Structure formats: structure tokens, C-alpha cells
Amino acid sequence: MNVLLLGSGGRENAFARQISLSQRCKKLFIAPGNPGTANYGQNIAIAATDFKGLKQFVLENAINIVIVGPEAPLVEGIFDYFINDDTLKSIPVIGPSQLGAMLEGSKAFSKAFMIRHQIPTAAYQEFTEENIAEGISYIANQTPPIVLKADGLAAGKGVLICTSIEEAQIEFRNMLGGKFGSAGNKVVIEEFMSGIEYSVFVLSDGNNYKILPVAKDYKRIGEGDTGLNTGGMGAVSPPPFVTPSMMERVEQEVIIPTIEGLKKDNITYKGFIYIGLMNTPGDVPKVVEYNCRMGDPETQVVLPRITSDFLDLMEHTAQETLDKAELTISEEAAVTVILASGGYPEEFEKGYEISGIEKIKDALVFHAGTQIKEGKLVNSGGRVLAVTALDKDWLKALEKSNVAAETIQFQHKYYRRDIGFDLK
Ligand code: AMP
Ligand code: GLY
């Protein structure tokens with residue numbers, strides 16, 4: 001098969017590796033890719049949202065399947081673009097339709113979906129400029145902390161957890177006043193859920209589904225989960241606190257109603273569903289959010305644990321035969337640690353040379369924000385590399401990923417040394 005993978009982060013580097021391991025992969029192209037994906041296929045200089053550019057490339061290079069990494073092309077409708085084009089419609093796109101991607105693209109849409117299909121989640125109300133006064137009085141009747149969410153995509157920054165009614169009312173007005181641009185034209189106000197978070201990944205062909213390895217990511221910049229939110233500073237799979245009986249509940253109460261709900265609503269969905277869950281008191285799972293793609297950096301621990309043929313899984317998804325697909329998962333635990341540019345998620349400097357990757361024997365190194373400049377590998381993004389270690393002994397995996405994180409060098413390198421250690 002000739003495969004086109006879309007995206008350019010650490011997640012896509014992990015996808016590229018997994019695809020290249022498949023017996024069935026003839027050629028792999030990544031648009032636009034990064035220096036890490038170039039180790040597994042050929043990068044092409046087309047943006048993941050340049051549908052016209054992608055169309056031309058797909059047709060000229062006899063691409064058999066398109067696998068979408070990030071949310072932007074999905075929310076912009078790449079699935080529908082292919083289906084509605086006579087020359088492209090026979091080429092499957094792994095990812096939901098534009099309507100399905102709204103599970104991530106609109107908080108109000110996803111909350112309404114969950115309520116409609118009795119999927120457990122926090123109670124909520126939605127407000128716009130039109131009923132701002134109602135929103136203010138709704139907030140006055142809540143018990144803090146109060147969760148405010150901009151409806152649309154806000155680069156992962158559109159959720160505020162306010163510790164007082166006054167703060168929530170001020171931030172609510174700010175959001176409707178454009179703090180997050182048009183993403184905040186509608187605001188969801190939500191009940192606060194306490195508990196520990198974890199992420200369940202489901203692959204759906206629209207009818208059948210497969211549950212991929214469960215993971216937990218670490219969103220805050222500082223050790224001990226302190227400081228600003230980031231895209232994710234590390235991840236583990238499986239999180240040791242997730243028991244088989246918890247997963248059984250998730251399957252019955254969340255996954256099956258989600259797949260059935262998509263069917264009932266006639267929402268075409270052939271792709272990954274990322275279900276962010278809160279383990280609330282009594283091990284009751286409640287949905288925090290849906291994403292229409294795999295997580296980053298969770299993919300860097302989820303995919304390396306899959307030992308069966310990944311392209312086979314993708315093809316079964318496209319053909320709606322996932323019930324016949326083989327999915328085997330390694331007993332090994334995986335831990336990934338993100339090496340970030342010092343200063344991230346605020347201002348940081350780029351262009352520092354990265355050294356030591358060639359010394360890493362005991363871990364996988366995925367590129368996220370790197371670039372080749374004048375023949376040298378340098379940092380070019382906030383999250384620079386993800387180092388993933390696998391081991392049957394969970395603690396050994398933690399140690400190996402830390403050793404690898406220490407070995408790789410660049411100026412102002414920052415990483416959390418506590419990823420996974422809190423779960424010991
Ligand atoms: P979201 O973009 O909806 O995933 O929210 C971002 C983060 O905010 C989540 O990963 C949670 O840590 C936190 N969060 C969102 N909603 C809630 C809630 N209802 N209760 C507690 N924490 C929440
Ligand atoms: N790791 C969080 C995300 O991918 O959204």
C-alpha cells in the first residue's frame with residue numbers, strides 16, 4: 001500500500017514508525033512531516049490542510065490510504081472533501097467526517113451528544129452574547145470551582161477553572177468578549193469533576209470498534225502537576241490504576257453508547273476517538289472531552305505497544321470490517337518523556353543544536369519540534385522530542401525514559417523527571 005500520513009508532530013512520528021513496520025507498507029509519504037518522520041518515509045512540503053495540494057499529490061502518487069494525525073484537517077472536512085470528489089472517493093481517509101469532528105470542534109455539540117445518548121459527563125449549560133445575563137445568574141448559583149469552556153477550538157487553551165463566582169463571571173464576560181476569538185462566541189459552563197484523568201482510545205469503522213491501549217498524559221509544565229498547561233509533557237500506558245473492571249464500565253457506559261450514538265445520529269465516523277475520562281469517586285467514569293484524533297504525546301506510548309500489523313487495522317477500518325481485524329497489545333508498559341525548549345509554554349528560543357540521539361539504544365526517539373538547519377538538527381518548537389521506553393517492568397520503563405531524556409542534549413532543555421513516578 002502507498003500511504004499518505006498528515007501532520008508534523010511527535011504523534012505523527014509515532015504513526016510513521018508504526019506504519020513503516022507493516023509488511024504491507026510499500027511507500028510512506030508524510031505531509032508535511034518533520035526530521036523524525038523522514039527516518040520512516042518521505043516528507044512532502046504540503047500543509048495538512050491544503051486539500052487541493054493533497055488531492056494532486058494523492059492522484060499523482062497512487063496513494064491507497066490517507067491517515068490523518070491532527071484535528072485541523074478533520075474539523076475542516078478532509079473526509080468529506082475526499083468522499084465528494086469523483087477522483088478521490090475510492091481512496092479512504094482514516095478520520096471522521098466533518099460532522100463527527102465536531103465532537104472535538106464544538107464543546108456544545110459534544111455535550112449535547114453526550115446528554116442525548118446518556119453518556120456520563122458533567123452537568124452543563126451553554127450561553128452566548130444573547131443570554132449573557134442568564135449566564136451571569138447561572139454562575140451565581142454554582143458552587144466553585146466552576147469550569148468555563150470556549151465552544152470552539154482554542155489551541156487547547158479554551159478551558160478555565162475558576163475558583164470563585166466573581167472570577168467565573170469576569171472570565172465568562174471576557175470569553176464572550178473575544179478572549180479566545182470566535183471560539184468563545186459560545187461558552188459552556190460546566191460542573192467541576194474531581195478525580196484522576198486518563199484517556200481511552202477507540203478505533204471505529206462506523207459500526208465495529210477496537211479499544212486501543214489506555215494511557216494517561218501529564219498536561220502541566222511543572223513537576224508535581226504544577227504551573228501552566230501545555231500540549232502534554234509526558235504519558236504512560238497503561239496507567240497502573242486503571243483496572244479491568246474500570247475498563248469494563250468504560251466500555252459499557254461510554255464506548256458502546258458513543259458508537260451507537262454516532263450511528264443513531266447518522267454521523268459517519270471511521271477513525272480514532274479520543275475519550276478523555278475522569279475517574280470520579282467510586283470509580284465512576286465520566287467524559288471530560290472527546291477528541292477526533294489520537295492524543296499527543298499519548299500516541300507515543302499507545303502505538304509502540306501495538307504488536308499486530310497497523311496498516312491491516314487501518315484497512316479494516318476503511319472497509320468496515322474491524323470485527324475481523326487482529327489487534328494484539330504488548331504486555332510491556334510504555335513511558336514517554338517530552339524534552340521541551342526552556343521557557344515553553346511561554347516564550348522560548350529556537351535554533352539550538354541537538355546532540356546525543358545516536359547514543360540512545362534503550363528508547364525510541366520521536367521528533368516533535370525539530371528542524372534541520374545548515375545541516376544540523378535544532379529545536380524549532382516548544383515540545384522538541386519525545387523519548388519512549390518500553391519494559392515489562394513498569395519502573396524500569398520509567399528509568400529508561402529518564403536516562404534517555406538526560407542523554408540527549410540541547411541548550412535550555414527542560415523535561416519533567418516525575419512522569420509516571422506519581423503512580424508508583
Ligand atoms: P478539555 O479541553 O475539555 O479536555 O479540558 C481541559 C482540561 O481541563 C481537562 O483535561 C481537565 O483537566 C480540565 N477539565 C475540563 N473539564 C473539567 C471538569 N468538568 N471538571 C474538572 N476538570 C475539568
Ligand atoms: N495530550 C492531549 C491531547 O492530545 O489533546
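Remember, it's 1-based here, ligands and their atoms both numbered in the order they're listed. When a residue number appears, it is its place in the shown sequence, counting from 1. The structure displayed is predicted, hence computed values, not measured ones.
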- When the ring planes of Y81 and F51 are compared, do they come out parallel, tilted or perpendicular, using 30° and 60° as the limits? tilted
- Task: Specify whether F113 and F109 have parallel, tilted or perpendicular ring planes, treating 30° as the upper limit for parallel and 60° as the lower limit for perpendicular.
- Result: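 F113 vs F109 ring planes: parallel.
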- Would G231 count as a contact of ligand 2 if the rule is a heavy atom under 4.0 Å away?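 Within the 4.0 Å threshold, so yes.
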- Specify side chain, backbone, both or neither for E197, according to which of its non-hydrogen atoms lie closer than 4.0 Å to ligand 1.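 Within the 4.0 Å criterion, E197 contacts ligand 1 through side-chain atoms alone.
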Please confirm whether [X] comes within less than 3.5 Å of ligand 2 when only nitrogen or oxygen atoms on both sides are compared.
X    : result
E289 : no
D217 : yes
K219 : no

- Ligand-residue contact atoms, ligand 2 with N291, heavy atoms, under 4.0 Å: 5 (O)
- Query: Going by the order shown, which atoms of ligand 2 are within less than 4.0 Å of some heavy atom of G295?
  - Reply: 4 (O)
- Enumerated ligand 1 atoms positioned under 4.0 Å from heavy atoms of K219: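 Close to K219: 10 (O).
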- Message: With heavy-atom distances below 4.0 Å as the criterion, list the atoms of ligand 1 near M278.
- Response: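 So the answer, numbered in order with elements, is 21 (C), 22 (N).
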- What part of E298, side chain from CB on, backbone N/CA/C/O, both or neither, has a heavy atom under 4.0 Å from ligand 2?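 Near ligand 2, E298 shows its side chain, while the N, CA, C and O stay back.
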- Measure R293 to ligand 2 on non-hydrogen atoms and call it side chain, backbone, both or neither using the 4.0 Å cut-off.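 Within the 4.0 Å criterion, R293 contacts ligand 2 through side-chain atoms alone.
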- Query: Are side-chain N/O atoms of K111 and T121 paired as donor and acceptor at under 3.5 Å?
  - Reply: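 On atom types as modelled, these side chains qualify, holding a pair under 3.5 Å.
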- Taking atom types as modelled, is there a side-chain donor on R220 or Y218 under 3.5 Å from an acceptor on the other? no
- Task: Assert yes or no for the condition that the ring centre distance of Y138 to F172 is strictly below 6.0 Å.
- Result: no
- Around atom 5 (O) of ligand 1, find the nearest protein heavy atom and jot down its residue, atom name and distance. V159 CG2, 3.4 Å
- Task: Around atom 19 (N) of ligand 1, find the nearest protein heavy atom and jot down its residue, atom name and distance.
- Result: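 Sorting protein heavy atoms by distance from atom 19 (N) of ligand 1 puts E190 OE1, 2.6 Å first.
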- Stepwise, does the salt bridge (charged side-chain N to carboxylate O under 4.0 Å, His left out) test hold for K396 with E399? CA-CA 5 Å; K396 282 221 178 89; E399 277 162 30; over 6 Å; no
- Task: Could you list the residues that satisfy side-chain contact (heavy atoms from CB on, under 4.5 Å) with I329, not counting sequence neighbours?
- Result: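 Result, side-chain contact (heavy atoms from CB on, under 4.5 Å) vs I329: P213, R305, L327.
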- Message: Taking side chain to side chain donor-acceptor pair (under 3.5 Å) as the criterion, tell me which of E253, Q252, E251 meets it with R249.
- Response: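 Testing R249 for a side chain to side chain donor-acceptor pair (under 3.5 Å) against E253, Q252, E251 leaves exactly one candidate, E253.
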- Return a yes/no value: protein heavy atom under 4.0 Å from atom 15 (C) of ligand 1? yes
- N or O contact, M193 vs ligand 1, cut-off under 3.5 Å: yes
- Query: Quick one: do K270 and E320 make a salt bridge, cutoff under 4.0 Å?
  - Reply: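 The answer is yes: the pair qualifies as a salt bridge.
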- Say you draw a straight line from OH of Y274 to CD of E104; how long is it, rounded to the nearest 0.5 Å?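 The OH atom of Y274 sits 9.0 Å away from the CD atom of E104.
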